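Reviewing the structure listed below.
In what follows, chains carry the letters A, B, and so on, assigned in the order in which the sequence lines appear, proteins first and then strands, with residues in each chain numbered from 1. Computation of the quantities below employed the complete heavy-atom set of this structure, encompassing side-chain atoms and omitting hydrogens, waters and symmetry-equivalent molecules. Nothing here was measured: the structure is a model prediction, and the numbers come from that model.
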2 protein chains.
Amino acid sequence: MDDELSRAFAALADPIRRDIVARLTADDMTVTELASHHDVSLQAVSKHLRVLETAGLISRRRDGQQRWAHLEVDVFDLLTGWIDTYRRRAELRYQRLDDVLRRNP
Amino acid sequence: MDDELSRAFAALADPIRRDIVARLTADDMTVTELASHHDVSLQAVSKHLRVLETAGLISRRRDGQQRWAHLEVDVFDLLTGWIDTYRRRAELRYQRLDDVLRRNP
DNA sequence: CTTGTATTCAACCTCTCGGTTGAGTACGAA
DNA sequence: TTCGTACTCAACCGAGAGGTTGAATACAAG
């Protein structure tokens, strides 16, 4: 697990991280604010944010004492791109199968 | 990590499993055939297939000594559904921001 | 019945993940 | 400068992931 695709999928495999991503669609948020919604320590949330940042799903900016997390939606395209590619191939396969059956009933 | 969404994301976080999924878009395949393309033991591939099955990404059928793996594309919808929901929310947020800026230039 | 082939089960190992606590850093306010 | 707040770093822990090897199971073919 070292490429960006693997990191992105792995990042979203955790429910807390998915919840963080969901909240960041509404607004940029600080670590403390994000941590207030979860029953884990602030340090744990800080770790989750680092994972999301490494996966390219968020960027971070410092403003005084606070560190604001900002959602980066581009990685979403990477994921849907991969999924759609193979979904399309699978559908194409069934299409061909249907053709064969139609030709040889 | 216990819900179906988490299992699906986690399953696709591994490069070998993504490659297996990719190959299964072309045709159903046996364990031995899938293992022949990877530099890990047959048992390791067998484990990967179990993970994919638990995640709902494949189904399996026995035919004689062979166990055929078959791709189930429905879980793809679960993933793209989640992603698109939040991508849309994020875009909506920028839309509103643009409106505000346009109104208060 | 025996042998070979396809696959899984079981035990084990190592590394990573997600969590904790405690200390350190960076900044704002008084 | 001192104090409180926001956050990260570091060390540790338990559980699980992903790999291995060796034995067991299931079936086909002689």
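Remark: B:K47, B:H48 in residues 47-55 of chain B come within less than 4.0 Å of DNA chain D through at least one heavy atom. Of the residues in residues 16-28 of chain B, those lying under 4.0 Å from DNA chain D by heavy-atom distance are B:I16, B:R17.
Here A:T80 contributes atom OG1 and B:L79 contributes atom CG; the two are 11.0 Å apart, rounded to the nearest 0.5 Å.
Within the 4.5 Å cutoff, no side-chain heavy atoms of B:Q66 are placed close to those of B:T32. In this structure, the side chains of A:V75 and A:R7 stay at 4.5 Å or more apart for every pair of heavy atoms. No side-chain heavy atom of B:L57 sits under 4.5 Å from any side-chain heavy atom of B:L24. Residues B:R18 and A:S6 meet the side-chain proximity criterion, which asks for heavy atoms closer than 4.5 Å. At least one side-chain heavy atom of B:R60 sits less than 4.5 Å from a side-chain heavy atom of B:V31. Residues B:I58 and B:I20 are not in side-chain contact: their nearest non-hydrogen atoms beyond the backbone lie 4.5 Å or more apart.
Nearest heavy-atom pair across B:M29 and B:R23 is CE-O, 3.6 Å. Taking each heavy atom of A:R93 and B:T25 in turn, the nearest pair found is CD-O, 3.3 Å.
Separating the CZ atom of A:R61 from the P atom of D:dT8 is a distance of 14 Å, rounded to the nearest angstrom. Between the CD atom of B:Q66 and the P atom of C:dT5 there is a distance of 13 Å, rounded to whole Å. Atom CG in B:L42 sits about 7 Å away from atom P in C:dT7, given to the nearest Å. One atom, CG of A:D14, and another, P of C:dC17, lie 11 Å apart when rounded to the nearest Å. The distance from atom NE2 of B:H38 to atom P of D:dT20 is 13 Å, rounded to the nearest whole Å.
No side-chain donor-acceptor contact under 3.5 Å links B:D19 and B:H37.
Side-chain N/O atoms of A:S41 include one lying less than 4.0 angstrom from OP1 or OP2 on C:dT20. Here B:S46 reaches the OP1 or OP2 of C:dT8: one of its side-chain N or O atoms lies under 4.0 Å away.
Between B:W82 and B:F9, the two ring planes are perpendicular [angle over 60°; tilted spans 30° to 60°].
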Please list, pair by pair, any protein nitrogen or oxygen found under 3.5 Å from a nitrogen or oxygen in nucleotides 26-30 of chain C.
| unit_1 | atom_1 | unit_2 | atom_2 | d |
| --- | --- | --- | --- | --- |
| C:dC27 | O2 | A:Q65 | NE2 | 2.8 |
| C:dG28 | O4' | A:Q65 | NE2 | 3.1 |

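In this structure, of D:dG22, C:dA23, C:dT7, it is C:dA23 that holds the atom nearest to the side chain of A:Q43.
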